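Presented below is the structure to which this report refers.
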Amino acid sequence: MAKAIPSRSENYSEWYNELIKRADLAENSAVRGCMVIKPYGFAIWEKMQRALDDMFKETGHQNAYFPLFIPKSFLSKEASHVEGFAKECAVVTHYRLKNAEDGSGVIVDPEAKLEEELIVRPTSETVIWSTYKNWIQSYRDLPLLINQWANVVRWEMRTRIFLRTAEFLWQEGHTAHATAEEAKFETRQMLDIYAQFAEEWMALPVVKGTKTANERFAGADDTLCIEAMMQDGKALQAGTSHFLGQNFAKAFDVQFLNKQNQLDYVWGTSWGVSTRLMGALIMAHSDDDGLVLPPKLAPIQVVIVPIYRSEEQLESLSAKIKPLVQELRKAGVSVKYDDSDANKPGWKFAEYELRGVPVRLAMGGRDLENGTVEIARRDLKTKETVPFEGLTEHIKNLLDDIQQTIYTKAKTFRQANTYKVDTFDEFQVQLDKGGFILAHWDGTSETEEAIKEATKATIRCIPFDQEAEEGVDIFSGKPSAGRVVFARAY
RNA sequence: CGGGGUGUAGCGCAGCCUGGUAGCGCGCUACGUUCGGGACGUAGAGGUCGUGGGUUCGAAUCCCGCCACCCCGACCA
């Protein structure tokens with residue numbers, strides 16, 4: 001018999017790791033720092049992909065695919081970009097193996113050294129902008145709105161499943177525009193889409209804002225982000241959208257003739273979310289009994305468990321349940337009817353709770369007589385017995401309610417763990433309790449660095465909804481025009 | 001890259017100190033009884049003990065090298 005997973009209060013990160021394993025989402029692979037995403041976990045990712053992809057398409061973007069490998073020279077064309085990524089790149093140096101002469105196995109053939117090393121993409125700005133140079137000549141070629149679903153590699157020192165793996169899956173949008181205004185609009189539009197996705201699909205409230213210069217993407221003029229709060233009070237950057245200015249256009253010489261017949265550099269954006277969102281989803285909602293999934297992303301929204309003593313009883317239950325399954329599917333609800341006799345009902349209950357299935361129906365002899373069914377919701381762990389008639393409508397409403405309830409719960413939690421703080425002492429005390437801290441900052445990188453050094457807290461963002469408020473920096477005592485969001489982060 | 005730890009059945013572990021025919025729980029297979037919150041019985045299957053060398057009559061156990069992974073730091077989405 002499987003035991004309970006470690007509790008969140010006991011050991012949050014062990015709870016997280018164990019939950020991923022037990023809910024069958026993913027596991028560590030034979031390759032250092034790289035995960036295997038298992039079918040159940042991948043099904044969630046596919047739902048995320050679908051929703052996001054639809055949103056990208058609705059806003060005029062098209063998908064394309066660019067190479068996994070990037071010539072080393074490309075990476076160095078944008079100075080701050082190479083500086084940001086150089087320390088974590090996987091490099092391909094050879095193209096052939098051969099049998100070792102001593103028979104000990106295969107070795108890299110020293111004869112097969114590449115003229116120019118290839119970098120496994122940590123992100124694709126460089127290879128994409130080198131391509132855009134050929135695609136863009138006139139303002140009529142703009143805007144160019146491209147997205148790519150891909151894997152990337154960043155050779156991280158320490159990895160954690162979904163949150164930080166050496167290889168991860170993501171989408172990266174790369175757009176080119178005729179004017180700065182247009183590019184800035186795009187940057188903001190895509191951030192808003194991420195926020196909408198997080199809130200409506202993941203039931204995850206996010207703070208939208210701007211990164212400070214320190215936290216900005218390597219090669220961007222401006223980085224916008226959404227920040228979410230996990231149940232341990234730490235912040236998690238859930239998505240970023242960058243205004244690239246003309247940096248990459250200049251680095252890769254991407255120019256166009258504008259309407260005034262003048263040659264100008266193209267304005268760019270890039271934006272991405274990754275399988276890290278899986279980590280956010282898990283940490284934001286789940287509890288000590290297992291995963292809690294928002295219905296909109298749950299691979300199985302409703303599971304039906306028959307309770308029977310004999311084959312005949314199972315048959316009469318199935319006779320009622322199978323049409324219900326069809327009806328629910330027709331209504332767009334994903335249903336699993338678990339009539340396998342491999343496990344007892346109690347085992348199934350626990351298993352589907354672990355996997356975060358939002359709604360569970362149980363039907364046995366009693367229900368057969370009464371024309372009822374037991375319906376349980378995962379988020380609140382409540383059960384009720386309802387009439388079998390009109391179930392589809394009831395379930396659809398219930399799924400909507402669960403989606404909303406999970407969101408509200410997360411939002412209430414965030415509000416309860418967000419504090420305004422005005423002194424550095426108070427700041428340090430509050431920080432150890434976890435949560436977001438709204439505090440004044442003098443706007444300098446030096447102060448930000450000093451606070452990070454002293455407390456490990458970073459400025460998550462300068463929120464868009466920042467109120468104008470005169471104050472003094474909690475650390476330096478210098479004047480400040482508004483509060484920013486500080487937190488310890490993943 | 002620094003500090004700590006672990007490699008024994010699919011998974012989780014014991015055995016190692018004190019060398020002598022490799023064990024437990026879960027899972028798996030078959031059959032039967034069970035089935036409204038993680039069932040039980042009976043019978044089975046499954047391991048070159050991470051790897052290379054050394055000591056020894058004999059090594060999972062002692063010695064040396066190597067490799068891998070995990071945790072804690074520095075780095076990061």
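Here the structure is a predicted model, which means the values were calculated and not measured. Naming convention: chains lettered A, B, ... in sequence-line order (proteins, then strands); numbering from 1 in each chain.
- Salt bridge A/Lys409/A/Asp287: absent, no basic N to carboxylate O contact under 4.0 Å.
- A/Leu163 comes within 4.0 angstrom of a base, heavy atoms only.
- In this structure, A/Phe217 and A/His242 have parallel ring planes: the angle between them is below the 30° cut-off, well short of the 60° mark.
- Residue A/Met278 contributes atom CE, which lies 16 Å from atom C1' of B/A77 at whole-angstrom precision.
- One N or O donor and one acceptor, one from the side chain of A/Lys383 and one from the base of B/G37, sit under 3.5 Å apart.
- For A/Trp149, the CH2 atom sits in a packed shell: over 12 heavy atoms of surrounding residues, nucleotides or ligands are nearer than 6.0 Å.
- Partners of A/Thr187 according to the side chain to side chain contact (heavy atoms under 4.5 Å, CB included) rule, which considers only residues two or more places apart in sequence or in another chain, are A/Leu224, A/Ser241, A/Phe243, A/Thr269.
- Counting non-hydrogen atoms under 4.0 angstrom, A/Glu156 reaches a base of the nucleic acid.
- The partner of B/G41 is B/C31, by the rule that a Watson-Crick or G-U pair needs both atom distances under 3.5 Å.
- Contacts of A/Thr275 with the nucleic acid, taken as non-hydrogen atoms under 4.0 Å apart, are absent.
- Aromatic ring orientation, A/Phe168 versus A/Trp170: perpendicular (interplanar angle above 60°, classes split at 30° and 60°).
- Using a 4.0 Å heavy-atom cutoff across all strands shown, A/Gly272 reaches no nucleic acid atom at all.
- Among the protein residues, A/Arg160 comes within range of no part of the nucleic acid, since none of its heavy atoms lies under 4.0 Å from any strand.
- Residue contacts for A/Asp367: at a heavy-atom cut-off of 4.0 Å it reaches a base atom on one of the strands shown.
- When heavy atoms are screened at a 4.0 angstrom cut-off, A/Lys456 is found touching the sugar-phosphate backbone but no base atom.
- Computed from coordinates, the A/Arg355 CZ to B/G37 P distance equals 21 Å when rounded to whole Å.
- Among the atoms of the strands shown, base atoms are found under 4.0 Å from some heavy atom of A/Phe168.
- To the nearest angstrom, P of B/G38 lies 12 Å from NZ of A/Lys381.
- We find that NZ of A/Lys344 is positioned 6 Å from P of B/G38, with the value rounded to whole Å.
- Straight-line distance from the NZ atom of A/Lys234 to the P atom of B/A77: 14 Å, rounded to whole Å.
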